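Heads up, the thing below is written out as structure tokens.
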There are 4 protein chains.
Amino acid sequence: MAGAGARVGVVGASGFGGAELLRLLARHPDVEVAIRAAAGSAGRTLGDLAPGFPPDLGGDAVLTAPDVTALGALDLVLLATPDEVSLELAPALLAAGTRVVDLSGAFRVSAAAYASWYGRPHTAPELAADGPRAAVYGLTEWAREAVASAALVANPGCYPTATLLGLRPLVALIEPEGVVISAVSGTSGAGRSARPDLQASVVLGDVVAYGAPSHRHTVEIETHLGAGAAPVAFTPHLVPVARGMLVTASAVLRAGVTPDDVAGAFTSAYADEPLVHVLPAGTFPRMKATHGSAACQLSAVVDPRTGRVLVTSAIDNLGKGAAGQAVQNANLMLGLPETSGLEALGVWP
Amino acid sequence: MAGAGARVGVVGASGFGGAELLRLLARHPDVEVAIRAAAGSAGRTLGDLAPGFPPDLGGDAVLTAPDVTALGALDLVLLATPDEVSLELAPALLAAGTRVVDLSGAFRVSAAAYASWYGRPHTAPELAADGPRAAVYGLTEWAREAVASAALVANPGCYPTATLLGLRPLVALIEPEGVVISAVSGTSGAGRSARPDLQASVVLGDVVAYGAPSHRHTVEIETHLGAGAAPVAFTPHLVPVARGMLVTASAVLRAGVTPDDVAGAFTSAYADEPLVHVLPAGTFPRMKATHGSAACQLSAVVDPRTGRVLVTSAIDNLGKGAAGQAVQNANLMLGLPETSGLEALGVWP
Amino acid sequence: MAGAGARVGVVGASGFGGAELLRLLARHPDVEVAIRAAAGSAGRTLGDLAPGFPPDLGGDAVLTAPDVTALGALDLVLLATPDEVSLELAPALLAAGTRVVDLSGAFRVSAAAYASWYGRPHTAPELAADGPRAAVYGLTEWAREAVASAALVANPGCYPTATLLGLRPLVALIEPEGVVISAVSGTSGAGRSARPDLQASVVLGDVVAYGAPSHRHTVEIETHLGAGAAPVAFTPHLVPVARGMLVTASAVLRAGVTPDDVAGAFTSAYADEPLVHVLPAGTFPRMKATHGSAACQLSAVVDPRTGRVLVTSAIDNLGKGAAGQAVQNANLMLGLPETSGLEALGVWP
Amino acid sequence: MAGAGARVGVVGASGFGGAELLRLLARHPDVEVAIRAAAGSAGRTLGDLAPGFPPDLGGDAVLTAPDVTALGALDLVLLATPDEVSLELAPALLAAGTRVVDLSGAFRVSAAAYASWYGRPHTAPELAADGPRAAVYGLTEWAREAVASAALVANPGCYPTATLLGLRPLVALIEPEGVVISAVSGTSGAGRSARPDLQASVVLGDVVAYGAPSHRHTVEIETHLGAGAAPVAFTPHLVPVARGMLVTASAVLRAGVTPDDVAGAFTSAYADEPLVHVLPAGTFPRMKATHGSAACQLSAVVDPRTGRVLVTSAIDNLGKGAAGQAVQNANLMLGLPETSGLEALGVWP
């Protein structure tokens with residue numbers, strides 16, 4: 001497929017995030033996937049785990065056990081691994097001389113916040129968000145230059161991606177207090193392990209909140225919402241959809257802020273962005289419009305009665321919410337066109 | 001079916017709400033459905049419109065055009081009609097001497113609020129929520145005595161039912177300002193007309209917000225949340241489920257309110273209620289647990305970081321959110337056991 | 001709930017079939033559930049496993065380990081257990097003096113067929129379909145008298161129930177050779193274990209065949225289709241629905257058989273049946289019309305071009321396909337009205 | 001996007017098939033979409049009708065009324081129009097000097113078969129399947145050379161595509177009589193008109209057969225299955241999925257045919273095909289593996305008990321079943337690489 005481009009590795013190829021990375025990279029014109037690793041599924045073929053891969057496009061590829069030496073020789077490694085695994089692999093890979101995009105939560109917040117919200121000590125605090133060699137938080141549209149030169153990118157979580165793309169343009173216009181976020185996610189965001197609460201029989205026809213008020217993405221949102229951020233109320237829900245995420249965020253507008261100010265903030269932030277599309281006020285994003293793509297759809301509407309702004313933001317949780325943004329970041333790190341391999345439009349309907 | 005019980009009529013039998021009324025009443029031990037009317041479907045059989053009715057349980061019944069004289073001779077009439085139709089029929093039926101449960105939005109708010117939020121004048125203002133012969137707002141658990149003696153009950157909307165059941169116990173514990181409500185509904189809540197945005201191809205795999213910040217149920221919630229209520233932020237969403245509703249409400253706790261205070265308020269309100277079930281804090285209601293039933297599941301959890309309480313509330317939008325509560329109210333009006341005909345448990349999974 | 005009626009036990013209360021038995025029996029006017037047993041979930045409450053049960057209607061009931069002595073003292077025991085467990089429990093319970101409805105595949109076919117299709121020897125061959133004390137195959141509409149007096153009823157499988165209700169009336173009109181059956185099932189038919197292929201992320205948006213041509217229900221269909229049955233081609237599929245089953249069966253009509261003959265055969269078989277509803281030719285059953293109920297919808301249409309008859313048959317796989325039919329059979333065995341506890345109409349839409 | 005490549009037009013851009021053509025062509029490296037026409041939606045933007053299009057990739061394009069002169073100046077026109085419209089437009093466009101891929105049923109069967117199965121006379125019989133200037137039936141893998149030089153390609157229907165890809169390799173191995181086909185389709189196959197039976201509330205949680213035994217695709221399958229084809233029994237069903245199609249076909253094997261013969265026939269037919277993937281016997285295709293792609297997954301398994309072969313075949317009904325195959329055919333006609341613009345892998349999960 002790929003020509004004499006960059007050589008990358010994917011670890012965690014047996015999960016949904018890893019499979020999505022490989023789906024995107026299978027058609028990437030400038031990147032060659034040299035290693036497909038998965039600790040628990042070494043020896044199995046990718047096609048056996050993810051039925052959409054034709055034999056010649058990765059389906060016949062046999063997954064290997066992660067090998068730091070081999071991975072370290074590549075231009076870049078994408079880690080679609082649990083955060084405990086990333087905490088071990090990322091430092092080792094950096095030491096081995098490669099660069100890393102980590103899709104886990106390991107390096108997105110401070111070591112103290114990690115310990116508090118993840119319930120275990122951070123074992124590589126120098127790479128945590130407040131460490132001396134801190135990972136770059138890869139919300140691409142807001143961190144392009146830093147990403148391009150980063151050794152380690154902490155790829156944002158799905159909920160934080162959709163939330164921050166929606167709220168970051170408004171930080172100067174809203175009160176820090178009073179941010180309330182409700183969000184829904186397709187089930188693939190919960191990963192591939194066969195949990196009883198993720199069974200189709202349980203999920204079909206149902207919607208349920210979970211994790212609130214202590215979901216780990218809460219602190220990630222607070223960390224990256226900007227200076228002076230106050231605690232936010234964040235409630236995620238599971239919906240009967242395999243892919244897709246919709247964030248509904250409400251914030252108190254500062255006195256005197258007008259609908260035009262809000263619209264202008266979004267225009268300033270995203271008018272030229274290829275992957276972030278702002279819809280007119282009163283039009284709401286449809287998450288299926290981003291299905292399979294790396295795009296985000298956003299809109300905002302001001303409610304004069306409550307003095308609040310309502311921001312809704314839709315992504316594919318495996319796209320802009322995970323693998324799509326990871327490829328976007330990898331492209332920047334490798335000096336490639338930012339949307340290379342990410343051209344596909346959302347599959348609608 | 002029914003013995004020598006009360007004789008009732010259902011108008012709007014061709015819609016989802018009307019069909020659900022007839023499904024419940026088909027097995028009601030003390031009520032006989034004497035008239036099944038539907039202006040636009042007169043002459044068709046119920047079974048033709050709603051495939052779950054066996055011939056002998058309503059499937060063979062031919063729908064009739066609504067006739068005020070015939071309906072007026074019954075003990076009670078349930079109107080599952082658009083609000084414009086209810087505005088005409090309800091006064092006429094009351095004048096004809098029968099009692100009415102109206103499932104539309106016609107009589108839930110003041111005449112002025114109706115004019116403002118529904119975009120047309122209220123043509124029977126004496127029956128509006130602030131009129132001299134105001135309809136009783138039939139949130140049953142909070143209005144039993146008034147419902148029992150009412151001539152006209154305004155059956156609450158689906159979103160207000162789930163929201164108010166969750167927030168009413170907390171009114172003394174929360175600040176009036178800062179209530180933010182996000183909710184999801186199955187598509188049957190949008191009714192039976194063949195709208196492009198309700199097509200299966202569009203809805204499947206998608207979630208989308210709509211109507212915010214000016215959805216009509218907003219003012220209904222504010223009207224019935226209690227004295228001193230401030231404007232609330234309310235954002236409804238459509239999810240790919242035929243039935244079911246989940247409301248996620250966030251409110252600022254007053255200083256000094258503890259989790260025990262919150263739990264105690266729910267216990268006081270609902271400990272003995274047959275249809276409202278409070279789950280332990282940290283357990284979230286599943287809307288499918290109420291599928292096909294008239295039950296509501298609730299829970300609340302306090303977030304000390306934000307000083308907010310999170311209330312989640314699940315109903316079947318056609319059950320406690322429409323026809324189930326209407327039958328509950330009709331039972332009270334007819335002097336029957338309140339849950340008669342509503343015994344079925346939710347169909348889970 | 002129940003008065004001084006029959007006392008029954010349910011074993012396997014933690015599975016979907018067991019929970020559905022308990023859902024139906026919670027409102028059964030003439031039956032008291034004295035024991036709720038589940039080997040693997042003893043000590044847990046029913047409400048913890050099945051969120052639709054209010055506390056006072058079974059939700060607070062603590063499941064117990066199955067105890068043959070205690071169960072043996074009851075009027076009847078319903079086994080919603082794996083066939084290996086039923087092979088042990090059923091003989092023991094019969095020896096202890098109670099009667100049994102078994103929902104597993106243990107006693108539906110001959111011992112030899114069991115050994116061949118289930119891959120292990122039948123350890124209670126005297127109770128197999130060809131044994132001296134053979135279980136009665138409980139396809140209720142075709143075995144009422146035998147069921148009423150049976151010590152052990154083998155409750156039919158879901159696919160065989162829908163298929164046989166559709167084909168049994170036609171046995172004299174079709175050629176034995178050439179029966180081709182395609183069917184779809186909701187995921188609850190596959191049970192509650194957390195299998196990777198039953199994860200919501202995998203099931204949503206997909207349809208897949210499985211088990212063909214050696215699914216165990218194939219031999220059950222052949223065994224009970226009637227004298228002279230030839231092998232049938234049977235292909236089941238999984239669809240993204242929690243409940244529901246639709247069987248599409250095609251058979252070659254014997255020479256000279258007319259559409260009227262076909263329609264007449266169905267009328268003869270089912271005109272007075274409360275739970276089997278035959279739709280006009282050209283109208284197709286909707287499986288959702290049977291959702292949560294014990295009903296079956298059927299229709300047949302003759303294709304003169306191919307000389308075949310197409311029969312489609314819809315049930316709820318947990319209703320008429322499992323727990324609903326089990327309660328129907330238990331009612332007969334206990335001398336109760338056949339549809340007692342089964343009155344609820346299908347929850348549509 | 002496209003460089004100095006071929007200039008094409010799409011008529012019917014407001015339907016699902018037309019939108020899918022434009023989604024694929026938006027990223028086609030060698031084709032420029034010069035005209036996007038839709039008779040009923042002229043003046044609206046594509047993005048207004050299909051929310052996945054970013055403004056600069058077609059979202060801002062204003063649809064025009066179809067104009068034969070303008071279309072006739074293009075290299076090729078794709079008609080995603082109703083067959084009545086195609087019957088008018090195709091001859092006119094051919095006369096105007098352009099080439100046409102027609103996605104409707106207008107030119108797939110003989111004029112007589114059209115009249116009989118579509119219920120109206122064929123108004124351009126010279127282009128029908130038996131006409132002197134017959135359209136080439138564009139089942140690409142079986143008609144490459146003819147497609148490449150065709151003036152008019154009749155793009156196959158979705159059900160026939162999946163069915164014929166599965167059965168064509170076996171024509172010499174099966175008996176003509178006794179072919180029984182059951183199939184399921186996502187709702188997008190039924191098009192975009194807001195029909196009551198395609199409402200989400202009706203479709204969600206349900207599966208229903210329709211159209212049998214006289215669905216129009218029956219005669220299309222028979223026409224193109226090969227010499228000596230007998231009538232086939234074909235039953236389509238609607239499933240609660242927006243996209244995707246699975247065909248389950250059963251045929252009687254000729255005496256002496258072995259599983260190896262069957263496997264060999266598939267290998268011969270498809271070993272080198274980029275878009276048709278044959279799975280091992282016993283593995284069943286998953287339709288979601290083809291989601292958004294132009295691929296087909298197939299497998300076959302022999303049942304020695306019935307002497308039948310079971311073939312299952314999965315496609316995206318809008319992909320290989322419509323727009324994907326149309327682009328594949330257009331590529332051949334324009335001398336482009338056959339899979340140009342069709343590289344995307346299926347979006348799974």
Side-chain angles (χ1 to χ4, degrees), chain B residues 1 16 19-20 22-29 47-59 186-188 192 204-205 240-243 271-279 283-293 295 297 314 316 318-319 341-349, chain C residues 1 16 19-20 22-29 47-59 186-188 192 204-205 240-243 271-279 283-293 295 297 314 316 318-319 341-349:
Chain B
M1 278 300 304
F16 289 141
E20 185 70 354
L22 292 171
R23 189 181 73 87
L24 296 171
L25 295 174
R27 292 307 198 178
H28 196 297
D48 182 33
L49 291 160
F53 288 89
D56 61 330
L57 289 169
T187 53
S188 60
R192 195 158 186 174
L204 282 157
V241 168
R243 286 175 178 242
D272 298 325
E273 287 295 343
L275 294 178
V276 181
H277 307 294
V278 181
L279 308 183
T283 305
F284 293 100
R286 304 199 73 101
M287 70 186 203
K288 192 160 64 165
T290 68
H291 189 94
S293 89
Q297 283 198 350
D316 183 330
L318 292 178
L342 302 174
E343 292 86 357
L345 301 189
V347 180
W348 183 94
Chain C
M1 277 308 299
F16 289 140
E20 184 70 356
L22 292 171
R23 188 179 75 88
L24 297 172
L25 295 174
R27 293 305 197 180
H28 196 297
D48 183 33
L49 291 159
F53 288 89
D56 61 329
L57 288 170
T187 54
S188 60
R192 195 157 184 176
L204 282 156
V241 168
R243 285 174 178 242
D272 298 325
E273 286 296 342
L275 294 177
V276 181
H277 307 294
V278 181
L279 307 183
T283 305
F284 293 100
R286 303 199 74 101
M287 70 185 203
K288 193 159 64 164
T290 69
H291 189 93
S293 88
Q297 283 198 349
D316 183 329
L318 292 178
L342 302 174
E343 291 85 358
L345 301 190
V347 180
W348 183 96

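Below, each value reflects all heavy atoms present in this structure, side chains not excepted, and no hydrogens, waters or symmetry copies. Quick caveat, the model's predicted, so the values are computed rather than measured. Residue numbers start from 1 in every chain, and the chains themselves are labelled A, B, ... in the order their sequence lines are given, proteins ahead of strands.
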(message) On a heavy-atom basis, which atom in Trp348(B) and which in Ala50(C) lie closest, and how many Å separate them?
(response) CZ3-CA, 3.7 Å
(message) Parallel, tilted or perpendicular: which one describes the rings of His291(C) and His291(B), with boundaries at 30° and 60°?
(response) tilted
(request) Could you look at Leu318(B) and say if it's the side chain, the backbone, both or neither that has a heavy atom under 4.5 Å from chain C? (result) side chain
(message) Using a 4.5 angstrom heavy-atom cutoff, name the option from Gly186(B), Pro349(B), Gly346(B) with the most pairs to chain C.
(response) Pro349(B)
(request) For Ser293(C), enumerate each residue passing the side-chain hydrogen bond (donor to acceptor under 3.5 Å, both in side chains) test, keeping only those at least two apart in sequence or located in another chain. (result) none
(request) Specify the closest pair of heavy atoms between Pro55(B) and His277(C), including all atoms of both residues, with the distance to one decimal. (result) CD-ND1, 4.1 Å
(message) So which atom in Gly52(B) and which in Leu345(C) form the shortest heavy-atom distance, rounded to 0.1 Å?
(response) O-CB, 4.3 Å
(request) Could you check which of Ser188(C), Pro54(C), Pro240(C), Ala344(C) has the highest count of heavy-atom pairs closer than 4.5 Å to chain B? (result) Pro54(C)
(message) Using a 4.5 angstrom heavy-atom cutoff, name the option from Arg286(B), Arg243(B), Arg192(B) with the most pairs to chain C.
(response) Arg243(B)
(message) Minimum heavy-atom separation for Val347(C) and Gly292(B), please, with both atom names.
(response) CG1-CA, 4.0 Å
(request) For Ala242(C) and Lys288(B), work out which heavy atoms get closest and say how close. (result) CB-NZ, 3.8 Å
